[in-house]
Amino acid sequence: MSTAMSPTYDHQRYEKKHWDAWIQGEWFHGNLASDQQAYSVLIPPPNVTARLHMGHGLNNTIQDLIIRWKRMQGFNCCWLPGTDHAGIATQMMVEQTLASEGTSSKELGREAFFARCVQWQEENGNIIIEQLKKLGASCDWDRQAYTMDAKLSRAVRKIFVDLYEAGLIYRGERLVNWDPALKTAISDDEVESREVNGSLWHIAYALEDDPHNTIVVATSRPETLLGDTAIAVHPEDERYRHLIGKRAIVPIIKRLIPIIGDQAVEPQFGTGCVKVTPAHDPNDFAMGKRHNLPAITIFTDACHLNEQCPPHLQGLERFAARKQIIDELSQLKALIEVSATRQALPFSQRSNVPIEPRLSLQWFVRMQALAEPAIAAAKDNELNFYPSQWKKTYLHWLENIQDWCISRQLWWGHRLPIWYCQSCSAVTTGMSDPSQCQACGHDELSQDEDVLDTWFSSWLWPVSTLGWPEETRDLEKFFPSQVLVTAPDIIYLWVARMVMMSYFTRGKLPFKDVYFNALICDKQGRKFSKTLGNGIDPLAIIEQYGADAVRYTCVSLAPLGGRVKMSSEDFQNGARFINKIWNAARFLLNYTAAATALEDFDEASLDLPSCWLLQSFGETSREINRLLERYQINEAVDLLYQFIWRNFCDWGLEAAKLSLEKKAPEDAAAKVQTLSVLGFVFEGLLRLAAPLIPFVCEELWQRFPAHPRWPRPASLVIAAYPDAAQLPSFPQAHQQWGRVQELISAIRSLRSQGRIPPKELLAPLVQAETKLLGILTAHSPWLASLAGLGSFSASETVETPPQQSLVATGQGWTVYLPVGSHLDLDEERKRLAQEVKRVEKIIVALAAKLGNAHFVDRAPEEVVEQSKEQLANMESQLTALQTNLRSLAR
RNA sequence: GGGCGCAUAGCUCAGCUGGUUAGAGCACUAGCCUUACAAGCUAGGGGUCCAAAGUUCGAAUCUUUGUGCGCCCACCA
């Protein structure tokens, strides 16, 4: 029934097949009728404009791993997917398209432009969703949400109205971060400060009552003197104190402005005098408030000098204006000095141009009250961060929270549900568009032109995706979610705000755990960016190596938090791992292909290697579950890798070959047992690995005959996750076989040191304590096949080591390997001498420890016992080594 | 300027409760085409755990200081 397996795993043949089956089975769907405990996760909605990059790859693989693991544990899982309408980004994309058609948003007008945005979204908005599916994301695709959906838009409107009515939304004139390229305000969080080389111009202002005397200010923005409304000095500055209260004359425009004293002025910096331009600098704005200064805006929305400026300057762009002003100042001999300086300049992350602080009427959310429960939740450890140090960052921001400017001068987004009365200029809002002013009843209303910041819909994500403001069954079942997996760079923009909004709408946390995944960088540690072109395209890698390889590689490289350096070669590792599993299956299927089901094994009559394998599997299962519970995901993945490769393949399968390859009828029963254990553990490891690498596991699982101990549902995605408590356990056998493995490794090592060809059979002498000797004798066929022995002799004591032999020692055993002519005496003496030295060093350390009365008194008893045992053991090893060294002496 | 973090093998990193003879993967060396896998197997080399001081019977692990490097926040004109 199974088709022949190629020696290498060919992901192209299987991924789509299983994806389609999973969707068909509806196993990713959060079931409202289920009695099982719900477990839900919210996807950080990617922008509709986004294309899958490695950051998404890692972030979504981690979410998928968690949700698949929980699903296999029997939870009623719902991983809610969706996209974000990305106001600025989408608008820019559409503008670009329009420009290539020779038109623009202005020409189209608001409505037509909005329609184009909708169209763009319909055509391109789902690309990233399709890409997530390629990665294997087991989201509840029936519940896919979009922030501009009718449903979510209603939630946005509702929350706006609620906040407005609660007095938490207000309109105010403030300095905002103005992006002159996009001609919109952007939030503080979209501003990035960069160090640039700048100049400091020293400009002389004549004093009103003594025009021959001047006061000199230092500024990096001379052009803003057109908007100066004061000069400030530190009130205690001896040099200038006498000038406070007098007036100075702004050069060029000859405006009279007061000289004021303000604590904010740093006497050491520049000249100690600051020109104050409240409309164009946040500091100056604050100072202006304190001293009741007028604010004069000198720029248009595109940052050209406006009608407030002298006619000959009007229309100049801001940097051209700077040059012009400097020229004029030097002609007036008012420019005293220019010095070079490094300065932090705010840039728009969106358009990459310097931000212009601009005074304008905007809408704000009052944040302080909203922040309170969000602060308490973290302080009380109801909300937990992984890694935990982010708690401080989160709290610091919330405790110093500023009001949030939510209006954007864009067309794409949720338009503010605010109407101004033409007659009385009162404001009307509500869930339905008003037809008359709620203050005066006048029916001529005009809606605010602005739209809401995109994050204003994002902070509702935990409730809006589940149907809020309706009291839906989804909301009842799947709110709150369990864990949010995201990147730390949006801890303020999104994480903290969702917490606030969930408290406001539901009085509850939206999730109890926040997992911050690593930031993916190139090998030089630089962020992936379009301009550097250093990104790795996950789709190309999926194409080349398969989704499983991408998933494994991402997660195994990425520790919790932090930063991971990644290159496209790293994915070969993943591909190798997948291929290893594939081949282990190929090997096993040689023996099981004929059977439709495996027989059960009898725990009482298993051989030692089988017991060891079962015990290893149990321990691994326990540890993986434990690590996943603690979100130590890359460690769980590493453990899985070690178990599959080292334990199962290198030892389990190699040991099993012995009985599998036997043909005699009397061996048949043992063979069935071995095969049953291998089959059981292999299915178990497929289950352990399925959340991480679902495609290859599903394919292999379906090819595999059923085992009586693993009930078989229709798909591996809903099969039970291994639970150590229900697995057979053989701690003693595990330990015993461990010592045999140690011995085998030692013999292999001696062979290699003695340069004995792999095919030559060996005949070592093993000295060991009685019990171990018994085990070794009973397992001589395994020693033969795994260590390449022809025969071996065993003894409890060895007085004189065999002539010309290599020696190795371990816990309770010594092995001598006669090598005759192979022996290079000099080299062996050297090696032994080194070995003696190593052991002696350990003995000295242990003896010193045990000789220390404090240690014996104060250390826990078992630690002392352990040290004593170790010492005895090391001493006997030393004796054996020394004896052999002497026997080699000439 | 404030806050957070990092420093362990050539590279990327584990080592979360102090008890190791400090681990993994990649890279490197030697030997193997052993009919599951050469995308493999076996063996091996490689580390004053950044520095100094301290706590302790015992420190890669805890404390302090220093050095170097990241990131975030902040208005030094």
Side-chain angles (χ1 to χ4, degrees), chain A residues 5 7-9 188 193 200 217-221 224 232 264-266 268-277 281-287 341 343-344 346 357 387-390 392-393 396-397 400 488-489 491-492 519 523 525 545 556-567 569-570 572-590 630 632 634-635 638 641-642 646 649-650 653-654 657 745 748-753 755-759 785 788 838-839 841-842 845-846 849-850 852-860 862-864 866-867 870 874:
Chain A
M5 294 174 76
T8 51
Y9 172 63
D188 293 348
S193 96
L200 212 52
V217 304
T219 180
S220 60
R221 302 209 51 196
T224 60
V265 180
E266 187 65 61
Q268 270 68 257
F269 188 88
T271 60
C273 306
V274 191
K275 59 193 263 331
V276 184
T277 321
D281 182 280
N283 273 328
D284 296 3
F285 181 76
M287 226 184 276
T341 180
Q343 63 181 132
S388 57
Q389 62 265 20
W390 287 102
K392 280 193 184 163
T393 310
H396 182 260
W397 185 76
N400 297 284
D489 54 353
I491 186 168
Y492 313 134
L519 187 70
K523 281 293 178 199
Y545 295 114
S556 73
L557 288 175
L560 182 57
R563 161 186 293 254
V564 50
K565 296 184 188 175
M566 190 179 279
S567 70
E569 293 88 71
D570 291 326
Q572 280 171 15
N573 266 335
R576 275 202 281 258
F577 178 48
I578 306 303
N579 200 50
K580 185 73 181 175
I581 301 173
W582 178 258
N583 273 289
R586 210 156 73 95
F587 172 77
L588 282 175
L589 284 166
N590 279 336
R630 296 160 60 165
Q632 290 173 260
N634 68 318
E635 287 168 57
D638 186 55
Y641 177 96
Q642 295 297 333
R646 306 269 85 100
C649 293
D650 290 352
L653 290 182
E654 291 307 318
K657 278 178 181 173
S745 291
R748 286 169 176 171
S749 177
L750 291 181
R751 178 198 288 278
S752 180
Q753 271 151 22
R755 301 188 182 285
I756 304 167
K759 280 181 181 150
S785 80
R838 184 184 69 89
V839 174
K841 227 172 110 184
I842 298 167
L846 281 171
K849 205 166 167 185
L850 287 161
N852 184 338
H854 291 296
F855 173 70
V856 181
D857 290 348
R858 295 182 205 178
E862 72 258 27
V863 173
V864 177
Q866 211 184 334
S867 299
Q870 245 173 38
M874 283 295 160

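Letters go in sequence order (proteins before strands), and every chain restarts at 1. Only a predicted model underlies this, so the values are computations on that prediction, with no experimental measurement involved.
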(request) Provide the closest heavy-atom pair for Leu850(A) versus Val856(A) in the form atom of the first, atom of the second, distance. (result) O-CG2, 3.3 Å
(request) Pick base, sugar-phosphate or nothing for Arg751(A), based on heavy-atom distances below 4.0 Å to the nucleic acid. (result) nothing
Distances under 3.5 Å between protein N/O atoms and the N/O atoms of nucleotides 45-47 of chain B, please, pair by pair.
none

(message) Between U34(B) and C49(B), how many Å separate the two P atoms, rounded to a whole number?
(response) 43 Å
(message) Quick check: do Leu588(A) and Leu653(A) have side-chain heavy atoms less than 4.5 Å from each other?
(response) yes
(message) Both Leu557(A) and Val856(A) contact RNA chain B. Which one's nearest nucleotide lies toward the 5' end?
(response) Leu557(A)
(request) Let me know the distance between CD of Gln753(A) and C1' of U42(B), rounded to the nearest Å. (result) 13 Å
(message) Looking at every non-hydrogen atom in both residues, tell me the closest pair between Asn579(A) and Thr8(A) and how far apart they are.
(response) OD1-CA, 3.2 Å
(request) Would you please name every residue forming a side chain to side chain contact (heavy atoms under 4.5 Å, CB included) with Pro346(A), sequence neighbours left out? (result) Val191(A), Ile355(A)
(message) Taking Ser567(A)'s backbone N and O only, do any of them form a donor-acceptor pair with Asp570(A)'s side chain (distance below 3.5 Å, no angle check)?
(response) yes
(message) Please give the distance between the P atoms of C26(B) and U42(B) as a whole number of Å.
(response) 13 Å
(message) Please report the distance separating the P of C11(B) from the corresponding atom of A27(B), rounded so that it comes out in whole Å.
(response) 15 Å
(request) Quote, to the nearest angstrom, the P distance that separates G31(B) from G68(B). (result) 47 Å
(message) In whole Å, I'd like the distance from the CG atom of Leu750(A) to the P atom of A43(B).
(response) 12 Å
(message) If I compare all heavy atoms of Arg751(A) with all of Lys759(A), which pair ends up nearest, and what's the gap?
(response) NH1-N, 4.4 Å
(message) In whole Å, measure the gap between the P atoms of U56(B) and C71(B) for me.
(response) 39 Å
(request) With the side chain counted from C-beta on, respond yes when Pro357(A) and Asp281(A) share a heavy-atom pair under 4.5 Å apart, and no when they do not. (result) no
Enumerate all atom pairs, one protein N or O and one N or O from nucleotides 18-24 of chain B, separated by less than 3.5 Å.
| unit_1 | atom_1 | unit_2 | atom_2 | d |
| --- | --- | --- | --- | --- |
| U21(B) | O2 | Arg838(A) | NH1 | 2.9 |
| A24(B) | O2' | Gln642(A) | NE2 | 3.0 |

(request) Just jot down the side chain to side chain contact (heavy atoms under 4.5 Å, CB included) partners of Glu654(A), sequence neighbours excluded, or say none. (result) Lys657(A), Leu786(A)
(request) Take atom CD1 of Ile581(A) and atom C1' of G40(B), then tell me their distance rounded to the nearest Å. (result) 15 Å
Would you list the protein and nucleotides 3-11 of chain B atom pairs, both N or O, that sit under 3.5 Å from each other?
| unit_1 | atom_1 | unit_2 | atom_2 | d |
| --- | --- | --- | --- | --- |
| C4(B) | OP1 | Lys392(A) | NZ | 3.4 |

(request) Could you grab the distance from atom OH of Tyr641(A) to atom NZ of Lys580(A), nearest 0.5 Å is fine? (result) 9.0 Å
(message) Checking Ser749(A) now: which residues fulfil side chain to side chain donor-acceptor pair (under 3.5 Å) with it, not counting sequence neighbours?
(response) Gln753(A)
(request) Find out whether Thr224(A) and Lys275(A) are in side-chain contact, i.e. whether some heavy atom of one side chain is under 4.5 Å from a heavy atom of the other. (result) yes
(message) Counting primed atoms plus P, OP1 and OP2 as sugar-phosphate and everything else as base, spell out the protein contacts along nucleotides 30-39 of chain B at 4.0 Å heavy-atom distance: B, S or - for each nucleotide, 5' to 3'.
(response) S-----BB-B
(message) So that I can compare with my own list, what are the stems of RNA chain B, taken as at least three consecutive Watson-Crick or G-U pairs with distances under 3.5 Å?
(response) B:1-7 with B:67-73, B:10-13 with B:23-26, B:28-32 with B:40-44, B:50-54 with B:62-66
(message) Within the structure provided, determine whether Phe577(A) and Ser556(A) are in side-chain contact (heavy-atom separation under 4.5 Å).
(response) no
(request) Tell me, please, which residues at least two apart from Ala286(A) pass side chain to side chain contact (heavy atoms under 4.5 Å, CB included). (result) Arg290(A)
(request) Using the test salt bridge (Lys or Arg N to Asp or Glu O under 4.0 Å), find all partners of Asp489(A) that sit at least two apart in sequence or belong to another chain. (result) none
(request) Could you please spell out the steps behind the side-chain contact (heavy atoms from CB on, under 4.5 Å) verdict for Asn634(A) and Leu557(A)? (result) CA-CA 7 Å; Asn634(A) 68 318; Leu557(A) 288 175; over 6 Å; no
(request) Applying side chain to side chain contact (heavy atoms under 4.5 Å, CB included), name anything that partners Gln572(A), two or more places apart in sequence or on another chain. (result) Tyr545(A)
(request) Using the P atom as the reference point in each nucleotide, state the distance between U8(B) and A14(B) in Å, no decimals. (result) 10 Å
(message) Apply side-chain contact (heavy atoms from CB on, under 4.5 Å) to residues Ile491(A) and Trp390(A) and explain how you reach the verdict.
(response) CA-CA 9 Å; Ile491(A) 186 168; Trp390(A) 287 102; 4.1 Å; yes
(request) Would you check, one step at a time, whether the test side chain to side chain donor-acceptor pair (under 3.5 Å) holds for Arg586(A) with Asn583(A)? (result) CA-CA 5 Å; Arg586(A) 210 156 73 95; Asn583(A) 273 289; 3.0 Å; yes
Using a cutoff of under 3.5 Å, can you pull out all pairs of nitrogen or oxygen atoms linking the protein to nucleotides 74-76 of chain B, with atom names and distances?
| unit_1 | atom_1 | unit_2 | atom_2 | d |
| --- | --- | --- | --- | --- |
| C75(B) | O2' | Asn283(A) | ND2 | 2.9 |
| C75(B) | N1 | Asn283(A) | OD1 | 2.8 |
| C75(B) | O2 | Asn283(A) | OD1 | 2.5 |
| C75(B) | O2 | Asn283(A) | ND2 | 2.8 |
| C75(B) | N3 | Asn283(A) | OD1 | 3.3 |

(message) Below 30° counts as parallel, above 60° as perpendicular, anything between as tilted: where do the rings of Trp582(A) and Tyr9(A) land?
(response) tilted
(message) I'd like the P distance from U48(B) over to A60(B), given in whole Å.
(response) 14 Å
(request) Sticking with atom C1', work out how far G45(B) lies from A7(B), rounded to a whole angstrom. (result) 25 Å
(request) Send over the distance from Asn852(A) CG to G58(B) C1', rounded to a whole Å. (result) 9 Å
